[in-house]
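All remarks here apply to the structure that follows.
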Amino acid sequence: MTQVAGTIRNMKFTVAVTHEAPWYVARCLDVDVVSQGETVDDAVANLEEALGFYFEGEDLPDSLEPPIITTVLIPA
């Protein structure tokens with residue numbers, strides 16, 4: 001959250017969570033920030049905190065272009 005003219009502004013980020021035993025790893029797809037936790041909820045909460053530190057003292061961007069998410073197929 002950031003303050004804009006006396007109001008609080010929220011910004012939505014895209015997050016992907018994977019299970020990399022024994023941890024759940026949460027990656028922000030909009031900026032290069034990663035965190036982990038013992039559960040999905042812990043990983044996401046830790047990522048929220050890490051994003052807070054990442055932007056600490058900085059203004060949040062006015063907008064973000066959403067990431068392009070796709071899959072690729074490689075021969076087995």
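As a basis for the values below, the full set of heavy atoms in this structure was taken, side chains included, without hydrogen atoms, waters or symmetry mates. Remember, predicted model here, so these are calculated numbers, not experimental data.
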Carboxylate-amine/guanidinium proximity below 4.0 Å for R27 and E20: yes
What distance separates L51 CG from L60 CG, expressed to the nearest 0.5 Å? 9.5 Å
Test your reading of the model: is there a side-chain donor-acceptor pair from D30 to the backbone of T14, 3.5 Å cut-off? yes
Scanning both residues in full, the closest heavy-atom pair of L47 with C28 reads CD2-N, 3.9 Å
Is V44 close to V17 at the side-chain level, that is, under 4.5 Å between some pair of heavy atoms? yes
Please examine the side chains of V34 and V25, heavy atoms only from C-beta on, and report whether any two atoms are closer than 4.5 Å. yes
Would you say the rings of F13 and F55 are close, in the sense that their centroids are separated by under 6.0 Å? yes
Apply side chain to side chain contact (heavy atoms under 4.5 Å, CB included) to residues V15 and E48 and explain how you reach the verdict. CA-CA 10 Å; V15 176; E48 288 175 355; over 6 Å; no
Quick one: OH on Y54 to OG on S35, what's the gap to the nearest 0.5 Å? 14.5 Å
Drop me the distance from N46's CG to T39's OG1, to the nearest 0.5 angstrom. 8.5 Å
Rounded distance (nearest 0.5 Å) linking atom OH of Y24 with atom CD of Q36: 13.0 Å
